[in-house]
**Student:** 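Here you go, one structure.
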Amino acid sequence: MAVMVTGGAGYIGSHMAWKLVEAGEKVVVVDRLSTGFEWAVPAEAELVVADIADQDRIERAMREHGVDAVIHFAGSIIVPESVLDPLAYYRNNTVASRSLIESAVRSGVSNFIFSSTAAVYGSPSEIPVREGAALAPESPYGTSKLMTEMMLRDTAAAHDLRYAALRYFNVAGADPEGRSGQSTESATHLVKVAAEAATGKRDHLSVFGTDYPTPDGTCIRDYIHVSDLVDAHYLALRRLRAGGGNLVANCGYGRGYSVLEVINAVKRVAGHDFEVRREERRPGDPVAIVANADLARRELGWSPRFDDLETIVAHALRWEEILRTRNTTHPMRRGNVVAG
Ligand code: UDP
């Protein structure tokens with residue numbers, strides 16, 4: 001048995017790969033290294049440098065390694081970028097996922113875990129939002145993920161495939177042991193950008209929209225620690241392997257923070273001030289979104305360990321320091337790499 005982790009050289013995927021290796025699983029990372037890093041993949045994992053839409057290559061890897069489960073992270077994740085270039089999002093997220101799901105079916109891989117998103121809800125009328133709420137994405141990113149959920153639902157009904165789609169709220173923080181973190185050079189996500197500003201990598205932070213109908217006028221999000229998110233995936237893997245039913249579940253903490261609250265937390269924990277500029281709204285941003293995660297807790301037995309904004313921020317800040325002081329041009333990794 002082996003677990004294929006797509007996007008395993010990226011932010012969340014690399015944390016997943018570490019978790020699986022620690023649990024004694026055989027791990028095959030598939031990543032085309034367009035935004036991920038070879039050094040982020042644990043040496044114990046096999047790294048296949050390939051596109052997930054390359055069906056011959058993926059199916060060969062599935063068979064060669066005896067893959068019984070896919071955890072699918074690979075994809076594009078920037079909401080405003082998806083508004084500007086929707087077809088790229090439908091290609092990278094929806095069309096490529098279709099290929100990967102087909103490869104799984106053809107290769108007899110019967111367990112599939114998918115990175116979905118809270119963006120499938122748009123701006124829900126009720127907060128915290130439950131899984132049964134109306135699905136009304138406000139960006140091509142959200143739509144591209146929702147379409148993949150639908151493909152999984154229909155494929156699971158027709159073939160020997162079980163799936164879990166986990167709808168992530170705002171993932172942030174870094175590995176508490178400092179092995180991985182958000183390393184993308186042009187990262188756009190709030191905690192990362194604020195951590196860069198607090199550690200001197202940027203000279204300011206822009207707040208996109210200060211006239212939203214919220215207490216301080218900025219958008220509200222539910223920030224979840226990447227290690228808790230990865231734990232939920234591991235529990236979902238165990239559930240599917242044990243023959244548990246399909247599951248679509250939110251992953252968040254059930255508490256929202258505004259953009260300004262996050263910025264203040266970063267300044268407080270870092271002990272550094274930085275310039276904050278008030279700017280226009282960003283396209284595709286829902287006003288407020290907070291998870292009701294009762295289902296994940298109940299069905300997966302998920303019990304978050306880092307449900308605390310200051311802990312998330314502290315880990316994100318420490319990762320910035322690690323990145324700053326480490327020479328990433330000399331990869332730490334010594335594992336097996338197979339070219340696509
Ligand atoms: N945001 C911001 N400045 C930044 C990055 C993000 O004001 O430099 C805001 C963004 O407009 C949204 C919230 O922070 O309201 C969370 O955005 P992020 O990109 O982190 O995640 P998303 O919710 O889009 O997945």
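Counting starts at 1 for both ligands and their atoms, following the listed order. Starting from 1, each residue takes its place in the sequence as its number. Here the structure is a predicted model, which is why all the values come from computation and not from measurement.
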**Student:** Aromatic rings W39 and F37: how do their planes relate, parallel, tilted or perpendicular, breaks at 30° and 60°?
**Tutor:** parallel
**Student:** Hydrogens and angles aside, do Y168 and S115 bring a side-chain donor and acceptor to less than 3.5 Å of each other?
**Tutor:** yes
**Student:** Can you report which non-hydrogen protein atom sits closest to atom 5 (C) of ligand 1, along with the distance?
**Tutor:** T188 O, 3.3 Å
**Student:** For the pair Y121 and F169, name the ring-plane relationship: parallel under 30°, tilted 30 to 60°, perpendicular over 60°.
**Tutor:** tilted
**Student:** Taking only Lys NZ, Arg NE, NH1 and NH2, and the carboxylate oxygens of Asp or Glu, determine whether K145 and E149 approach each other closer than 4.0 Å.
**Tutor:** no
**Student:** In the protein, which heavy atom is nearest to atom 19 (O) of ligand 1, and how far is it?
**Tutor:** R282 NH2, 3.1 Å
**Student:** With a cut-off of 4.0 Å, which atoms of ligand 1 are near a heavy atom of C219?
**Tutor:** 15 (O)
**Student:** Students should be able to answer this: which protein heavy-atom is nearest to atom 10 (C) of ligand 1, and at what distance?
**Tutor:** D285 OD2, 3.5 Å
**Student:** Among protein heavy atoms, which lies nearest atom 8 (O) of ligand 1, and at what distance?
**Tutor:** S206 O, 3.5 Å
**Student:** With a 6.0 Å cut-off on the ring centroids, do H72 and Y163 count as close?
**Tutor:** no
**Student:** State the atoms of ligand 1, each with its element, that fall below the 4.0 Å cut-off from a heavy-atom position in V193.
**Tutor:** 8 (O)
**Student:** Is a side-chain donor or acceptor of K19 paired with a backbone partner of D231 at a separation under 3.5 angstrom?
**Tutor:** no
**Student:** Counting each atom of ligand 1 from 1 as listed, which ones have a heavy atom of V207 under 4.0 Å away?
**Tutor:** 7 (O)
**Student:** Can you pull out the closest protein heavy atom to atom 22 (P) of ligand 1? Residue, atom name and distance to 0.1 Å, please.
**Tutor:** N170 ND2, 3.5 Å
**Student:** Is the shortest N/O to N/O distance between F208 and ligand 1 below 3.5 Å?
**Tutor:** yes
**Student:** Just distances here: any N/O of Y223 and N/O of ligand 1 closer than 3.5 Å?
**Tutor:** no
**Student:** Would you say ligand 1 has an N or O under 3.5 Å from any N or O of L190?
**Tutor:** yes
**Student:** Which protein heavy atom lies closest to atom 13 (C) of ligand 1, and at what distance to 0.1 Å?
**Tutor:** V259 CG2, 3.9 Å
**Student:** So that I know where these two stand, are H315 and F306 an aromatic pair - ring centroids less than 6.0 Å apart?
**Tutor:** yes
**Student:** Please name the residue in the list I58, V109, V29, I71 that meets the side-chain contact (heavy atoms from CB on, under 4.5 Å) test with M4.
**Tutor:** I58
**Student:** Do R281 and Y212 meet the cation-pi criteria used here (NZ or CZ under 6.0 Å from the six-membered ring centre, within 45° of the axis)?
**Tutor:** yes
**Student:** Measure the distance from atom 18 (P) of ligand 1 to every protein heavy atom, then report the residue, atom name and distance (to 0.1 Å) of the closest one.
**Tutor:** H189 CD2, 3.6 Å
